[in-house]
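I have placed the structure first, in the form of structure tokens, so that the comments after it can refer back to it.
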Amino acid sequence: MQDANLARPALLGIDLGTTNSLIAVWQDGQAKLIPNALGDALTPSVVSLDEDDSILVGKAARARLTTHPERTVAAFKRFMGSDKQFELGGRHFSPEELSALVIGSLKQDAEAWLGHAVHEAVISVPAYFSDEQRKRTLFAAELAGLKVSRLINEPTAAAMAYGLHEQKFERTLIFDLGGGTFDVTVLEYALPLIEVHASTGDNFLGGEDFTAALLQACLKDWQLTPQMIDGQSLGSLVDALEQLKCKLGEGTQHLSWNGAGDLREWSLDEAAALKIWEPLLARLRAPIEQALRDARLKPRDLDSLVMVGGATRMPAVQQMVATLFGRLPYRHLDPDTIVALGAAAQAACKARDNAIEELILTDVCPYTLGISTNRGEDVSGAFSPIIERNTVIPTSRVQRFQTTHPQQSLIRIAIYQGERPWVRDNIFIDAFDVTLTPSEQSQALDVRFSYDINGLLEVDVTLLASGERHSHSIDRSPTGLDAQSRQSSHERLSALKIHPRDALPNRTLLARLERAWTQSLGDEREQIASWLDAFTAVLGGQQSVEIAGHRSQLNKALDELRL
Ligand code: AMP
């Protein structure tokens, strides 16, 4: 008889993060994290091109940010939806191609763990991701050979995971600060119903900005600019500051850095960090206030506060939230893994898995969607909302408009998203033309927007006089990317050599030793050089048991040196 798990597709959830990515599966009535080749749940969202031109993803790639910055890239999710290209050792990659490599690596881990091929997953995206960013995420999955059964907003995924663990919450604010994005979601649990009331955020604010602010402050103290420092030294400084940031909760931190021709020292305590981060902490407040206002709630109306995302580990952030709400946030679940677990739970919900059938989730469209119209006779470029932000989805809304001039023979429907009164200040999504038969009077038309559960939009225009209907499904392929460039992405990615998964633990240790060598000096550096030589020799022997033993010893020794 066929195994029940093989008979149906695996119920997978992917958290594609700016800093780290995870994959989880719904199995035996619960969400479980799938470990990568190194046994870790978190795979750094970092891609590097190895010297033999093969692609490395994850921890080994992250170690190479310091040693090979010109062949390595991190935090590319921040540019999803833009035309930015990243150069790795002479090859060019778009943010969605790099994301595809990360998704591909997670897919391989899932296949190795489950023992069969996987084809489909729920993928989480920041709630505040635009239409374009969502479409590019779908394209990244397509490039990696995965069908997306649903895109779920990250805080909503976290809410699902909390809903399964905690039955006692009612009105909850989810504060989700990841590496590159910030989302605030206000929702209500009336189990089995989880109802999202409002979602707001900032797509350009995350833990990476707090590290960047430290870099700026430290360079200023040393009277240096990034242009005065070579890529490798700058990479090692960012790495050291990232570590310093993560340890700040333990007390004053000291850093020594050998670069730009000198050995330099820098110290930072929590009070000084608060000063450096003041503008960033202030930016966290506006989305919180807006989410509460849209949900028509005051801070005191909330029953609980939930922190999600690695950057909520920062004491400065926790303090700011505690002061704003006059209470401590709830943090019983791991903020790093909860989104992936919630995404797997959503996959189970979608597949109507028995164990979860009861949970019903309603989500919202986090931004206003509308079209460009004329205000009065001659003022063009006004933004006319059709679906207002925080409308429950799926939704379909219609608005009636009039042509400006009686003899008009063409109408351009230009679609935008945003919260500003003029379209020039909002985000352009798409445009199309509708032809009219000129008439003596101005004509009426109904414009209908239908926004689906994945956060994707369709537009219908009906001309009232003739009843003629024009359906425009917004191009599901990324705008700006024609069929040819999509095909070329497919071809380029499938031509890439991917580093073999089973060789990753050794490759990762080598990359870690190289980084440790770069970061250390004197006796410590000599010690690391001897480890590097010894491990290379053991690898040459090709004895897998001996290699594994040596690897574990060296990883432990590096942990002790905090390198
Ligand atoms: P995520 O995208 O949720 O994985 O969050 C990653 C961000 O969390 C990065 O900017 C990390 O620097 C930050 N982060 C992770 N752990 C800590 C910590 N202990 N203290 C401060 N920031 C952290």
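Just follow the structure's listing: the first ligand is 1, and inside any ligand the first atom is 1.
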- Task: Considering only non-hydrogen protein atoms, determine which one is nearest to atom 6 (C) of ligand 1 and report residue, atom name and distance to 0.1 Å.
- Result: T19 OG1, 3.3 Å

- Note the single closest protein heavy atom to atom 23 (C) of ligand 1, along with its residue, its atom name and the distance in Å. G310 O, 3.4 Å

- Query: Nearest non-hydrogen atom to atom 19 (N) of ligand 1 belongs to which of R313, K77, K245?
  - Reply: R313

- Query: Can you tell me if W257 uses its side chain to pair, donor with acceptor, with the backbone of L263 under 3.5 Å?
  - Reply: no

- Query: Under the salt bridge (charged side-chain N to carboxylate O under 4.0 Å, His left out) rule, what pairs show up with a residue in residues 147-162, not counting sequence neighbours?
  - Reply: K77-E154, E120-K147

- Task: State the atoms of ligand 1, each with its element, that fall below the 4.0 Å cut-off from a heavy-atom position in G309.
- Result: 3 (O)

- Message: Check whether R389 reaches the backbone of T200 with its side chain - one donor and one acceptor, N or O, closer than 3.5 Å.
- Response: no

- Query: With atoms numbered from 1 as shown, which atoms in ligand 1 lie under 4.0 angstrom from a non-hydrogen atom of E242?
  - Reply: 11 (C), 12 (O)

- Message: With a cutoff of 4.0 Å, is G17 in contact with ligand 1, counting heavy atoms of the residue only?
- Response: no

- Query: With sequence neighbours left out, which residue pairs that include part of residues 498-518 fulfil the salt bridge (charged side-chain N to carboxylate O under 4.0 Å, His left out) condition?
  - Reply: D50-R507, D109-R501, D239-R515, R512-D559

- Enumerated ligand 1 atoms positioned under 4.0 Å from heavy atoms of M314: 21 (C), 22 (N)

- Message: Using 0.5 Å steps for rounding, measure from the OH atom of Y162 to the CD1 atom of I194.
- Response: 13.0 Å

- Pick from T185, N390, D294: which one makes a side chain to side chain donor-acceptor pair (under 3.5 Å) with S199? T185

- Message: With a sphere of 6.0 Å drawn around CH2 of W266, does it hold more than 12 non-hydrogen atoms of other residues, nucleotides or ligands?
- Response: yes

- Task: Look at atom 2 (O) of ligand 1 and say which protein heavy atom is nearest, naming residue and atom and giving the distance to 0.1 Å.
- Result: G179 N, 3.0 Å

- Task: From atom 8 (O) of ligand 1, work out which of P335, A311, C246 has a heavy atom at the shortest distance.
- Result: A311

- In the protein, which heavy atom is nearest to atom 4 (O) of ligand 1, and how far is it? N20 ND2, 3.5 Å

